[in-house]
Chemist: 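Below you will find the structure I want to go over with you.
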Amino acid sequence: MIEKAFFNRPTLKVAQDLLGKVIIRNNIKAMIVEVESYIGPIDKGCHAYNFNKTKRNKVMFERYGIAYIYLIYGMYNCLNFVTEEINMPCAILIRSVEILEGKDIASNNRYNLNYDQLSKKQIKNLSNGPGKLCIALNLTRKQNKLSLISKDLYIEDIGYTNFEIVKTKRVNIDYAKEAIDFPWRFYIKDHSCVSIK
DNA sequence: CGTGAGATCATC
DNA sequence: ATGATCTCACGA
């Protein structure tokens with residue numbers, strides 16, 4: 001298990017170090033393939049821009065090492081990892097994972113089918129997006145504020161480092177003014193599970 | 001393969 | 001009114 005101090009480092013560093021690590025959840029192992037960083041104090045794309053604290057985003061103001069999960073577009077959840085100290089609202093959005101183990105559990109969460117019953121398209125769409133991976137991993141707002149070193153949700157290092165990191169703009173934050181262009185989205189180069197190239 | 005509309009609701 | 005998204009139908 002990765003210790004909590006892992007998250008007590010600069011958000012952009014933590015985000016890149018998360019690539020290739022594995023989320024353990026309900027007997028599912030899911031490798032992190034794509035992330036985005038959100039840095040409240042200076043980031044107009046972030047819910048907590050300019051330290052703006054609301055009922056929804058207050059978890060971001062807590063200490064590093066917990067999950068921030070919120071509802072988006074009325075029907076989907078997004079999983080974030082909170083970084084930095086208390087009252088420094090920063091987080092990392094998990095955008096895509098590859099299911100390594102527990103494929104039947106994940107595919108049942110998502111499609112009510114076993115993995116070997118999935119179509120090619122369903123396999124591709126199993127967990128390659130922030131909303132999709134939350135369904136596959138059975139994460140909802142009930143897990144908001146959950147510790148990232150709990151038995152129900154934690155991270156492991158499986159020693160996978162043999163990849164290049166692509167750094168690019170974040171997705172779907174057209175309203176974020178100058179922050180639109182911040183290169184704070186990171187993904188594993190050439191990985192088939194990346195949501196958008 | 002790509003495109004576009006509709007779903008659906010907490011938040012501001 | 002809007003969104004850190006996804007699905008489906010449609011056309012190529």
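Values below: every heavy atom of this structure, side chains too, minus hydrogens, waters and symmetry copies. Naming convention: chains lettered A, B, ... in sequence-line order (proteins, then strands); numbering from 1 in each chain.
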Chemist: Hunt down the Watson-Crick or G-U wobble partner of C:dA4, both distances under 3.5 Å, from any strand shown, or write none.
Modeler: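 For C:dA4, the partner nucleotide comes out as none, under the 3.5 Å rule.
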Chemist: Between A:Asn77 (CG) and B:dA10 (P), how many Å, whole number?
Modeler: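 Checked: the CG to P distance equals 12 Å.
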Chemist: Checking A:Arg95 against A:Ser195: is there a side-chain donor and acceptor pair closer than 3.5 Å?
Modeler: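 Yes, side-chain donor-acceptor contact under 3.5 Å.
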Chemist: Taking atom types as modelled, is there a side-chain donor on A:Glu36 or A:Tyr38 under 3.5 Å from an acceptor on the other?
Modeler: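 Note: A:Glu36 and A:Tyr38 side chains meet the donor-acceptor criterion.
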Chemist: How are the rings of A:Tyr68 and A:His47 set relative to one another: parallel (under 30°), tilted (30 to 60°) or perpendicular (over 60°)?
Modeler: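 If you compare the ring of A:Tyr68 with that of A:His47, the planes turn out perpendicular.
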Chemist: Closest-nucleotide mapping onto DNA chain B: is A:Lys121 or A:Arg141 further toward the 5' terminus? I mean the 5' end.
Modeler: A:Lys121
Chemist: Does the Lys NZ or Arg CZ of A:Arg9 fall within the cation-pi geometry relative to A:Phe6 - under 6.0 Å from the ring centre and within 45° of the axis?
Modeler: yes
Chemist: Answer with yes or no whether the side chains of A:Asn57 and A:Lys53 bring together a donor and an acceptor at under 3.5 Å.
Modeler: no
Chemist: Should A:Thr54 be listed as having a side-chain N or O under 4.0 Å from OP1 or OP2 of B:dC12?
Modeler: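 Affirmative; the distance criterion is met.
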Chemist: Would you say A:Thr11 and A:Thr83 are linked by a side-chain donor-acceptor pair, where the criterion is simply a distance under 3.5 Å?
Modeler: yes
Chemist: Can you give one letter per nucleotide of nucleotides 2-7 of chain C, 5' to 3': B if a protein heavy atom sits under 4.0 Å from the base, S if only from the sugar-phosphate, - if neither?
Modeler: -BBBBS
